[in-house]
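Lettering of chains follows the sequences in order, A, B, ..., and the numbering in each one begins at 1.
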Amino acid sequence: MLGAILVKITFAAAIAATILYVLQHRKASDDILRLARLFYFGSVAGILSVAGLLLYYILTHQFHYYYVWSYSSTDLPLSLLISTLYAGQEGSFLLWALFTGIIGVFLLQYSSKKGYEPELMSIYTGIFTMLILMLVVKNPFKFIWEQFPDELLKVGLAPTDGTNFMWVDQARGLWAQIPVEGKGLNALLQNYWMVIHPPILFIGFTSMSIPFAYAVAGLLKRDYVSWIRIATPWTAFGSLALGTGIILGGYWAYETLGWGGYWGWDPVENSSLVPWLVCVASIHTMLAQRKNGSYIKTNFILSMFCFILVLYSTFLTRSGVLGETSVHSFVDPGMWVYWLLLMVIGIFVAIGFGLLAKRWKDIPVVPVEHSFISREFALFLGASALVFASVFILIGTSSPIITNILKGKTSAVDPAFYVTTTLPLGVAIALLSGLGQILWWKNSKSDALLKQLTVPAILALIFTVVTFFFGATHVSMIIFIFASAFALFTNILVGYRIIQGNPKMAGGAITHVGIALMFLGFVSSAKYDDVKTVNLEQGKEVDALGYKLKYVGYQPMERGRFAFNVEVEKDGEKFIVSPVMFKESENGSLIRNPDIVNLFTKDFYVSPLSLEAGEQQQSANEITIGEMEPLDIAGMSIRYLGYEFTQSKEKGNYLIAKLEVSKNGKKEIVKPTMSNMTGDITFEPAKHSSGISFTIKAMNPTKEKAQSSITLTVDGIHAHSDVKESKMDTLVVEASVKPFINLVWIGTFSLIIGFLITIYRRAQEALRNEAWKQ
Amino acid sequence: MNAKIISGMVIIVAALIFGAMTFIDSNVEYTDFAKAQAVAKKVQVKGKWIAEKETRFDASTTQFTFYMVDDNNKECKVVLDGGKPNNFEIATEIVAKGRFKDGYFHANEVLTKCPSKYEGDGTAVKKSL
């Protein structure tokens, strides 16, 4: 009850702030401004307490809330427990709204210094209000019995047998049985990436609304020129946050989800890439406008699209329209959310583009006064290439909707579509990001340009020839490698000169070095990777892709997971990779996580496919006991009671198996253990009072926990001599070599640093220049 | 009209035609097994896994074989390159992408749709009481 009321109060405060800011824009008054701020801060406090309350319910396991029950459970570690706050749809809208509220506090301070507060904040709080509206509609504080009335609601006397229950309406004798455990977090999401990736992505989503808000505010104020100077640091910040979020998502997919790569052209990935590309394009046209005053309308349109495309992407991934064409497939949220999202897109398109149309004739037209050989034109072409790329990706991602309208049947495009369409644009972007750095503003003299071009072009040529002899022989790749290498060398040379002069100006060059490195990394790791499926019979060495692989066995990990250790040997160097497979306890589906050997020039990537059980002939002193299935041997009855998993500093991870041994009517508990310290597994036998000792040989990971079994070696009883040859388990893995994938990560790093320098420079510039203050 | 605008228009139109052609070319149509058999093109078929029939992973060919029934109740053997897809047993619906070949559907990708992604799952709440 409290939560739902808080959401509604927050919603009301945000509406009030929006209306007050609109009034302030119409007719400025100190009282109204003060009140508008008060309501805005009130709504931020509101959303903070909503998030805090939900988090409190999650941490205290209050499963009578449907959301808490749906996404969390008592066995999750604290960090993952916190992450369930945004694991579901309601929660992710909450996180988005929360960031919007918090970032708005800074935006408010900043814009008030620039005399932009009423206009900017009226749009921004409008966006904030819409996000809270999503929470009003999809209430995260719904009680579980509202979701499952048939299963949970009961009338009559309260249960006295210890059943977990709650009164719904005590006067009418209505009570609900409450689950004692939650459904838990999807096992695929249970790793630290879940803690890092979504928050950064949502900061990016939030930031995309800022260029939109500034563009509309500029139109409201009839300020068609200087708004871009105020908006630039925020636009750059948005590109940084969203870009980082996208890359982290890619790394997550690569490192733990085992997609085999960092990018799958999946609708969810694409739909955050599209606004990012547009935002990056707008950074370039804003730069051109700063220099020569043209591209005014272009900047309005691009800045607005940054946010509209985020909304559209939300619609694509949250409304269920993509159906089964996505790996991510979100919850089908019902018609309410579908129409609400469409309505929100409609409202902001109407506000943004409606106002732009109204002001269109009023906006000054600065004729484009530069030659084809100028930096402005390179910026414009680069931005165009980015926009074209975003249009192609948008069309591809929307293909289920497009084909549904055109043919009445939904179908998706093959990932090859994206590669084919974006590759030529990637070449153009690479060439332009090199050229743009050596061209002069307005006009370049061709002889001076030629001189500047020579060195990087020759270096790029040499680079391309070298890669050709290393096997990069596809024509399209030769062109792409040349273009990327050209971009790399030009930006290194230019960047080096700039850093010697004024390092603050080097943001662009460093960012472009990053892009060029990433492009080269894409080619080497995605086009020239080697993939092979390998069968690894335990203990036998297998040659694959120039590596020697040997499956040496598995070891149990926390939360019922099992790591499968594979020895990888190359040129005398040995590594152990431990990909993970386990059955999800909820519904028994198999979850697989890859493991990677990071080498300087390549990654060796091992993704587990399955474990084929061997046909083990049991020798007489080797026994396998299932849980709850007693076994009689040598006059004893042995029951396997399960195992405990613990950690200690001295022993590392270790596992204690519990056996109940009955002999002559006397019961005794025996606890053999297995532990792994520094990767080596050691087994410690446990002795029964009769002198017979038990050693763990293996835990059986392929069965569900309830039916798990254990294999033990029993010493001290008479062993038979007819031990038969046994076939060992076979681990099937997909092994791949990804050459120079480090280029992608180094490039990302360089890109982030470049963006940070740019943000710092533009923010300092925007804050220092008081000339725009009214 | 000046040269700049015309050349700009030409580039835009050319790009759109290029995009549209690639789009049509790489569109993977949703269809059923009967149609998939008729066309040699890469298609995707939606349906359900037949749990009672042979379902196995062959380690020597590294292919996963199972039987699937499409929305028109036509059964078909599906051979997937690779291991068993995630969430396979619990999927309420599966989508196989690939083409028909020698009497079976040769898939290079299988997507699974999980029941946990739908709301109102009454059995799950009963389990957790």
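Neither the backbone nor the side chain of Ile94(B) has a heavy atom closer than 4.5 Å to any heavy atom of chain A. Neither the backbone nor the side chain of Asn164(A) comes within less than 4.5 Å of any heavy atom in chain B. Neither the backbone nor the side chain of Pro415(A) comes within contact range of chain B; no heavy atom of the residue lies under 4.5 Å from a heavy atom of that chain. Residue contact with chain B, scored on non-hydrogen atoms closer than 4.5 Å, is absent for Ser384(A). Contacts of Phe18(B) with chain A are made by side-chain atoms alone, with heavy-atom separations under 4.5 Å and no backbone atom involved. Looking at Phe417(A), both its backbone and its side chain come within 4.5 Å of chain B, counting heavy atoms on both sides.
The residue among Ile402(A), Thr403(A), Val413(A), Leu609(A) with the most heavy atom pairs within less than 4.5 Å of chain B is Val413(A).
Scanning residues 63-72 of chain B against chain A with a 4.5 Å non-hydrogen threshold yields no residues.
Of the inter-residue distances, the one linking Thr420(A) atom OG1 with Met21(B) atom CE reads 11.5 Å to the nearest 0.5 angstrom. To the nearest 0.5 Å, atoms CG (Leu406(A)) and CD1 (Ile24(B)) are separated by 9.5 Å.
The shortest non-hydrogen separation linking Ala15(B) to Phe392(A) is O-CZ, 3.2 Å. Here the closest non-hydrogen pair linking Phe388(A) and Ile11(B) is CE1-CG2, 4.5 Å.
Heavy-atom neighbours of Phe380(A) CZ from other residues, nucleotides or ligands within 6.0 Å: at or below the threshold of 12. For Lys35(B), the NZ atom sits in a loose shell: 12 or fewer heavy atoms of surrounding residues, nucleotides or ligands are nearer than 6.0 Å.
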